[in-house]
Amino acid sequence: MTGYKGHGVYSVIIGTGSSMPEKVLTNFDLEKIVDTNNEWILQRTGIRERRLAGEGESLVTFGERASRSALADAGLEPEDLDMIIVGTQSPDMVVPSAACLLQGRLGARNARAFDVTAGCTGWLYGMVVADTFIKVNPHFKILVVGAEIISSRVDWEDRATCVLFGDGAGAAIITGSDKRRGILSTCIEADGAEWEALCVIGGGSMHPPTHEMVDKRLQFIRMEGNKVFKLAVPNMERVAWDVMADAGVSPDQIDWIVPHQANLRILEAVVDRLGIPVEKVIITLDKYGNTSTASIPVALNEAVGDGRIKKGDLVLMMSFGGGFTWGAILLEW
Ligand code: UT7
């Protein structure tokens, strides 16, 4: 499903921010925790190290820091925000939402606030929801955050998953423009039939928190990595083609790809199929691991901050995650 054209209103990113924990966990540190080694992790994933939340830090800690830096970048105050959307799969609490907790911390009292649950695609889904709101309320200023304390969902006895993930937060603020720039086309899709390949089944109402549930380790991420890999590549490729076709853009016109960062081999396979050189991919996976919903806004903020992404550049974003969910956004910076 590509979407929502012809209104003459475009969503423009006016500020970005990110915040990562200070605590670093290297592949060599992991060798002391589970039966793994640096070579396996690096060759199979491209990850060298990841960041983990420390004592007393939680999702709202990093969400707030990333949001305040995006607000400063946009020259806005928290009260200027009309809406806050948080994409996450590791909210601090069941109730309230991560977005409401963040709204309270920021003092963004004029902002409606809600979470989007769409696996690792949560921030990208959140941006598409925000973009749709902007089409009808062009003056809105919407903060879209991707934030995870995914280490709280990781089974530190399961080497197949614990080596992959990291914590952190990224944020972007969008508003409307009547010029053709900013978000040019979007596409989001889902397939719930294969949910068991990537899930956290405990802690919800089907398997509420009980001693038995915890003894069975149902509160942790389970993933059939290989299956996810094989579905991620063609689906990310296809939505990339869809948003490019929708905006009348060809692969050689793309300046930068800012993808969800789960595995370097996935990214190499996708860009190879698109015929786009891997040098155009903004990669943060090596230092942060898979930060789920945070990965795209964190990478975007870094590439804008260090001057790689410049005004007028065409930026392609795509993601794939549990659900399954996947999607792409094409924007002109
Ligand atoms: O962000 C949401 C979406 N998530 C993804 O996109 C993740 C997609 N999947 C992947 O990135 C990859 O499938 C993984 C990195 C998770 C795994 O790579 P793989 O090449 O698919 O490896 P595999 O799961 O097929 O495992 C290969 C071998 C197995 O041993 P045998 O059966 O060949 O003897 C595993 O037991 O590697 C073993 N293995 C490990 N060895 C050392 C699995 N994890 C580890 C480990 N250290 N940490």
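Atoms within a ligand are numbered from 1 in the order they appear, just like the ligands themselves.
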Practice item. Answer whether the closest heavy-atom distance between the side chains of Q261 and P259 falls below 4.5 Å. Key: yes

Point to revise | Heavy atoms of other groups near E77 CD, more than 12 under 6.0 Å | key: no

Check your understanding: What atoms of ligand 1 come within less than 4.0 Å of a heavy atom belonging to T45?
Key -> 15 (C)

Point to revise | Nearest protein heavy atom with distance in Å, relative to atom 25 (O) of ligand 1 | key: N226 ND2, 3.0 Å

Check your understanding: For E194, what residues pass the side-chain contact (heavy atoms from CB on, under 4.5 Å) criterion, not counting sequence neighbours?
Key -> D191, K227, F324

Check your understanding: Looking only at N/O atoms, are N37 and ligand 1 under 3.5 Å apart anywhere?
Key -> no

Study note, to complete from the structure: For V163, the ligand 1 atoms with a heavy-atom partner under 4.0 Å come out as 48 (N)

Review point. Can you find a protein heavy atom closer to atom 31 (P) of ligand 1 than 4.0 Å?
Key: no

Review point. If you measure from each non-hydrogen atom of T36 to ligand 1, which part falls under 4.0 Å: side chain, backbone, both or neither?
Key: both

Practice item. Would you mind checking if D80 and K141 are paired as a salt bridge, meaning a charged N to carboxylate O distance below 4.0 Å? Key: no

Review point. Are any of the protein's heavy atoms under 4.0 angstrom from atom 34 (O) of ligand 1, yes or no?
Key: no

Check your understanding: Do other residues, nucleotides or ligands put more than 12 heavy atoms under 6.0 Å from R153 CZ?
Key -> yes

Exercise for review: Provide the number and element of each atom of ligand 1 under 4.0 Å from a heavy atom of R44.
Suggested key: 19 (P), 20 (O), 22 (O), 27 (C)

Study note, to complete from the structure: Of all protein heavy atoms, the one nearest atom 17 (C) of ligand 1 is W40 CH2, 4.0 Å

Review point. Among all residues two or more places apart in sequence or in another chain, which pass the ring pair (Phe, Tyr, Trp, His ring centres under 6.0 Å) test with F62?
Key: none

Practice item. For N263, take its heavy atoms, then give the atoms of ligand 1 lying under 4.0 Å from any of them. Key: 10 (C), 11 (O), 12 (C), 15 (C)

Point to revise | Proximity of N290 to ligand 1 by residue part, where a heavy atom lies under 4.0 Å | key: side chain

Point to revise | Chi angles and distances behind the side-chain hydrogen bond (donor to acceptor under 3.5 Å, both in side chains) call for T284, E302 | key: CA-CA 9 Å; T284 56; E302 292 201 0; 6.0 Å; no

Check your understanding: Would you call R51-E57 a salt bridge at under 4.0 Å N-O?
Key -> no

Practice item. Among all protein heavy atoms, pick out the one at the shortest distance from atom 36 (O) of ligand 1; state its residue, atom name and that distance to 0.1 Å. Key: R159 NH2, 3.0 Å

**Study point:** Interfacing atoms of ligand 1 (cut-off 4.0 Å, heavy-atom, H260)
**Key:** 1 (O), 2 (C)

Review point. What residue among S58, P96, P91 forms side chain to side chain contact (heavy atoms under 4.5 Å, CB included) with L101?
Key: P96

Check your understanding: When you look for heavy atoms under 4.0 Å from ligand 1, do you find them on the side chain of V34, its backbone, both, or neither?
Key -> neither

Review point. How far is atom 5 (C) of ligand 1 from its nearest protein heavy atom, and which residue and atom name does that atom have?
Key: V228 CG1, 3.5 Å

Practice item. Please could you name the atoms of ligand 1 that F320 approaches to less than 4.0 Å, counting only its heavy atoms? Key: 2 (C), 3 (C)

Exercise for review: Decide whether an N or O pair under 3.5 Å exists between R265 and ligand 1.
Suggested key: yes

Check your understanding: For the residue pair F133 and F114, does the interplanar ring angle fall in the parallel (under 30°), tilted (30 to 60°) or perpendicular (over 60°) class?
Key -> tilted

Point to revise | Atom indices of ligand 1 within 4.0 angstrom of I266 heavy atoms, with elements | key: 6 (O), 8 (C)

Exercise for review: Would you please say whether a donor-acceptor pair under 3.5 Å links the side chains of T293 and E148?
Suggested key: yes

Exercise for review: Assess the side chains of E64 and S67: does a donor N or O sit below 3.5 Å from an acceptor N or O?
Suggested key: no

Practice item. Select the closest option to atom 2 (C) of ligand 1 among G225, C120, S295, judged by heavy-atom distance. Key: C120

